[in-house]
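When a residue number appears, it is its place in the shown sequence, counting from 1. Bear in mind that the values here come from a model prediction, so they are computed numbers and not experimental data.
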Amino acid sequence: MMTTFLIRTLSVAAGGAAMLWIASVPGQAAPKAKPAVPPAFARCVACHATTPGAAHGVGPNLFGIAGKKAGTRPDYAYSPALQKSGRVWTRAEMIAYIADPAKTVPGTKMINPSVASAADRMAIAQYLEKLK
Ligand code: HEC
């Protein structure tokens, strides 16, 4: 498991196969109407699935993340930093994290995205709140 995870992480770090992780969504029964995906979320889907039961990618599946304690999705190998952060994903915490992950949770292994636009951060946080 860990080895697989590391390979995934490395392939993305190398600028490689991020697109692979968008595809693997197992069939689910009768989905509800899906909330509109804000354009700024496009950068997140390389690493995060958003449908119930879909496999974790480089990052954990974000379905139902709003209101949850950070670092607690089952079967995902989080950094100790995020697990020990004691955060709960309120809207404000999600906005802070995607504005600057490394500053908000020093030691987090989510490195890549800093969402520069406040409007984009708000749109993403509101979108994540609808994933339930
Ligand atoms: C390059 C891959 C990558 C991208 C792109 C990425 N993430 Fe992440 N994300 C991660 C990883 C890895 C973690 C786990 C961090 C840890 O364990 O420290 C994570 C964790 C998270 C968490 C915490 C989940 C939890 O269970 O506590 C949230 C929320 C999140 N990401 C949101 C986003 C959003 C929103 C975007 C787009 C703006 C995004 N991520 C883009 C890799 C990524």
- Is there a side-chain contact between Arg43 and Val115 (heavy atoms, below 4.5 Å)? yes
- Query: For Thr51, does its backbone N or O pair with a side-chain atom of Asn61 as donor and acceptor, under 3.5 Å?
  - Reply: yes
- Task: Taking Lys68 for its side chain and Gly64 for its backbone only, find out whether a donor-acceptor pair lies under 3.5 Å.
- Result: yes
- SG (Cys47) and CG (Leu62) are apart, to the nearest 0.5 Å, by 10.0 Å
- Message: Let me check something: do Phe63 and Met94 share a hydrophobic cluster, defined by ILVMFWY side-chain heavy atoms less than 4.5 Å apart, either directly or through other members?
- Response: yes
- Item | Ile111 side chain reached by Pro101 side chain, heavy atoms, under 4.5 Å | no
- If every non-hydrogen atom of Arg73 is compared with every non-hydrogen atom of Pro60, which pair is closest and at what distance? CG-CB, 4.0 Å
- Which distance, rounded to the nearest 0.5 Å, do you find between the CZ of Arg87 and the NZ of Lys69? 12.0 Å
- Item | Shortest non-hydrogen separation from Ala99 to Arg121 and the atoms involved | CB-CD, 3.5 Å
- Message: Are the side chains of Lys109 and Leu82 in contact, using a 4.5 Å heavy-atom criterion?
- Response: no
- Message: By the ring pair (Phe, Tyr, Trp, His ring centres under 6.0 Å) test, which pairs, at least two apart or in different chains, include something from residues 99-132?
- Response: Phe41-Tyr127
- Note on the structure: Of all heavy-atom pairs linking Pro106 and Ala81, the shortest is O-CB, 3.3 Å
- Message: Taking Met122 as the starting point, is it possible to reach Ile65 by hopping between hydrophobic residues whose side chains are less than 4.5 Å apart?
- Response: no
- Sequence-distant partners of Ala40, side chain to side chain contact (heavy atoms under 4.5 Å, CB included), two or more places apart: Asp120, Ile124
- Message: Can you confirm whether the side chains of Thr108 and Tyr78 place a donor and an acceptor under 3.5 Å from each other?
- Response: no
- How far apart are the C-alpha atoms of Met110 and Ile98, what are their side-chain angles, what is the distance that settles it, and do they pass the side-chain contact (heavy atoms from CB on, under 4.5 Å) test? CA-CA 9 Å; Met110 179 159 121; Ile98 61 179; 4.2 Å; yes
- Query: How long is the span from the CD atom in Glu93 to the OG1 atom in Thr104, to the nearest 0.5 Å?
  - Reply: 8.0 Å
- Message: Which heavy atom of Ala54 sits nearest to which heavy atom of Ala49, and what is that distance?
- Response: CB-CB, 3.7 Å
- Query: Once the angle between the rings of Tyr76 and His56 is folded into 0 to 90°, is it parallel (under 30°), tilted (30 to 60°) or perpendicular (over 60°)?
  - Reply: perpendicular
